> 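Okay, handing you the structure first.
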Amino acid sequence: NMMKRQDRRNILRRQIDLQEVRTGRKNATLIERRLQRDHNLMKRRQVKPIQDLGQTAREFVQELRVSTGGVHCEEITRKIRKLLAIDGDPPIQEFIAAGAVSVLARVIVRSTSSTLHFEAAWVLTNLASGNMHQTHRVIEQGIVVIFVHLLNSLCSNVCDQAIWGLGNIAGCCHECRDIVLRSGIIQHLLKIEPNTHLSYLRNGLWVVSNLFRKHPKPEWDLISQLFPLVFQFLMHDDAEVICNAAWAISYVAAMGKEGCQTIIDSNLVPRLIELIVHSSRFIQVPILESIRYIALQDAQFSRPLIDAGLLQNIGHAINHSSQKIEREAHLIIVPFVVDRVLMEEVIRAGVIDDIMVRLRALPTDHRAYATLIAMFKAPSPTQLRYLLDRGAIQILCHMITRFYFVPQVLAIIRSLRFSIMDDPIQRSNVVQAITNLRAGGPEELRLSTEILFLLQAPT
């Protein structure tokens, strides 16, 4: 029956490792960003993949191995690169097994041709963009050092490709991240300036964002050298640069109080609040995550957010069409509504009204209902009256009929039973909910009886 199914779902939810869920969500987001990024770069370069050149991977690698360099070597490398650019299932494993990584590494070391360096680095980037095992196979053959060496190239295309490859490797797992972090890349990233070529700037911030992520946390002494760079480019006007800087900052905030305090001390909070209303959801999501981590610390961290205008801008996220953005907004608001002092600020800013309108208008993310439940944790009498006047009981009754947060809603109704029975409007809302439940099955009837019992009203 329905109630037993709900109980089983609640038990299963409690058994889920929430950290694994969050990690999986972040990994999915990174993959989405990485695929979108690779697609954009390929589009800008107008790459036309080819399906088959009539040779096996081993034949291509052997031809490259015996090549003396020059134009012929460039042509072979370019053909391999185009084969690896196909959608679906590129022959990454075949070329790794054929020894392409070590051969390409030797080609880069022996050649002085920037064109060949570019093509070879591109192939290596593609080989390192497969599964985790394939990425490790590429790293084991010293490609991180090769990529870092190529950052010294006078050719901007070569530098772009090398930094792109390092970013993909760093995003694979925490072991790969740490290898890149200790490779000497930091000194190259610190050379990035506002007038740096835009493509390299975007790729550089992409690398930094990947150096800051993953569990366990990266070495603070190393990544802290890059904080000024990231904080500076959050002020940039290019959306992709801002997005990569925003993700890097969200990873700093996720490191706990030390990371959040660093963000506050760097006077970044006003910029974070400003970006809540940015037109790109790819920027809004990491920005809201950063704010959420700060808000979840304690009251002293909430004050800078309020002073910077959080409560004036958060309504934009609450009413956003993206469920993910709406969810983040509610996760941010919960720490404010469970504190009486901060709740006053939330009320004065009109955020409660935004939430109530959203809840009455259409089905929404369950986090919105959780926010309403949190509002009843410790409100003052004035705050409680404010909630009741805004139709909170009506929404709670709707939640009961939909079997949302049933134990919590029943507890609230129990605590408010005198207010409900003394108010004709509130009493009418509860009676309507009971009527709706009694039109259902046995479990709905049992629940309606329990509500009547809680209200101490005659059946």
Side-chain angles (χ1 to χ4, degrees), residues 37-131 133-169 180 183 185 188 197 199-200 203:
R37 172 180 184 73
D38 289 355
H39 171 75
N40 291 340
L41 284 168
M42 298 276 276
K43 189 175 180 180
R44 283 199 290 269
R45 291 176 178 176
Q46 298 181 331
V47 176
K48 295 181 179 179
I50 52 179
Q51 299 297 323
D52 185 18
L53 288 174
Q55 290 179 269
T56 66
R58 290 193 178 278
E59 289 171 340
F60 272 116
V61 173
Q62 180 59 26
E63 191 174 354
L64 191 62
R65 185 179 284 113
V66 300
S67 173
T68 58
V71 175
H72 180 61
C73 190
E74 291 175 11
E75 289 177 353
I76 300 170
T77 308
R78 189 177 296 111
K79 289 177 181 178
I80 296 173
R81 184 254 293 171
K82 290 184 177 181
L83 277 172
L84 291 171
I86 64 173
D87 291 329
D89 187 23
I92 292 175
Q93 185 57 42
E94 289 85 343
F95 276 98
I96 290 177
V101 178
S102 60
V103 173
L104 287 165
R106 285 197 298 272
V107 166
I108 291 174
V109 171
R110 293 174 180 176
S111 174
T112 58
S113 167
S114 59
T115 302
L116 184 53
H117 285 174
F118 171 70
E119 292 290 350
W122 196 342
V123 172
L124 289 170
T125 298
N126 288 344
L127 293 175
S129 65
N131 58 43
H133 174 72
Q134 290 165 343
T135 302
H136 277 282
R137 286 285 305 276
V138 172
I139 291 174
E140 288 167 0
Q141 298 182 62
I143 295 309
V144 170
V145 175
I146 295 289
F147 278 151
V148 172
H149 170 72
L150 289 177
L151 295 179
N152 296 308
S153 174
L154 298 178
C155 175
S156 60
N157 283 341
V158 173
C159 294
D160 282 348
Q161 190 58 57
I163 203 81
W164 178 6
L166 287 165
N168 280 358
I169 291 173
V180 175
S183 68
I185 192 176
H188 292 279
H197 187 269
S199 177
Y200 188 81
N203 288 333

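When reading the values below, keep in mind they use all heavy atoms of this one structure, side chains included, and skip hydrogens, waters and symmetry mates. Predicted, not measured: the structure shown is a model, and the values here were computed from it.
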> Sorted by first residue and then second, give each side chain to side chain donor-acceptor pair (under 3.5 Å) pair with at least one member in residues 145-154; sequence neighbours left out.
none
> Roughly how far, to the nearest 0.5 Å, is the CD1 atom of Ile146 from the CG atom of Leu166?
11.0 Å
> Apply side chain to side chain donor-acceptor pair (under 3.5 Å) to Gln62 and list each qualifying residue two or more places apart in sequence or on a separate chain.
Arg65
> For residues 112-121, which residue pairs qualify under side chain to side chain donor-acceptor pair (under 3.5 Å), counting only residues two or more places apart or in two chains?
Glu74-Ser113, Arg78-Glu119, Arg81-Glu119
> So, the side chain of Ser67 versus the backbone of Glu63: is there a donor-acceptor pair under 3.5 Å, distance only?
no
> Which value, rounded to the nearest 0.5 Å, describes the distance between Asp160 atom CG and Leu150 atom CG?
12.0 Å
> Pair Ser183, Val145 - check side chain to side chain contact (heavy atoms under 4.5 Å, CB included), show working.
CA-CA 7 Å; Ser183 68; Val145 175; 5.9 Å; no
> Quick check for you: to the nearest 0.5 Å, what is the distance between Asn168 atom CG and Leu124 atom CG?
12.5 Å
> Just verifying a value: how many Å separate His136 NE2 and Ile169 CD1, rounded to the nearest 0.5 Å?
10.5 Å
> Can you list, pair by pair, the side-chain donor-acceptor contacts under 3.5 Å of residues 91-108, counting residues two or more places apart and other chains?
from: Gln93; atom 1: OE1; to: Gln134; atom 2: NE2; distance (Å): 3.2
from: Ser102; atom 1: OG; to: Gly99; atom 2: O; distance (Å): 3.2

> Sorted by first residue and then second, give each salt bridge (Lys or Arg N to Asp or Glu O under 4.0 Å) pair with at least one member in residues 143-154; sequence neighbours left out.
none
> So do Val180 and Ile139 actually touch side chain to side chain, heavy atoms under 4.5 Å?
no
> First locate atom CG of Leu151, then atom CZ of Phe147, and finally report the distance between them rounded to the nearest 0.5 Å.
9.5 Å
> Can you check whether Ile80 reaches Leu64 side chain to side chain, under 4.5 Å on heavy atoms?
yes
> Considering non-hydrogen atoms only, spot the tightest contact between Pro90 and Ile86 and give its length.
CA-CG1, 3.7 Å
> How close do Gln141 and Arg137 get, heavy atom to heavy atom, and via which atoms?
NE2-O, 3.4 Å
> Would you give the length of the straight line joining atom CD of Glu140 to atom OG1 of Thr135, rounded to the nearest 0.5 angstrom?
10.5 Å
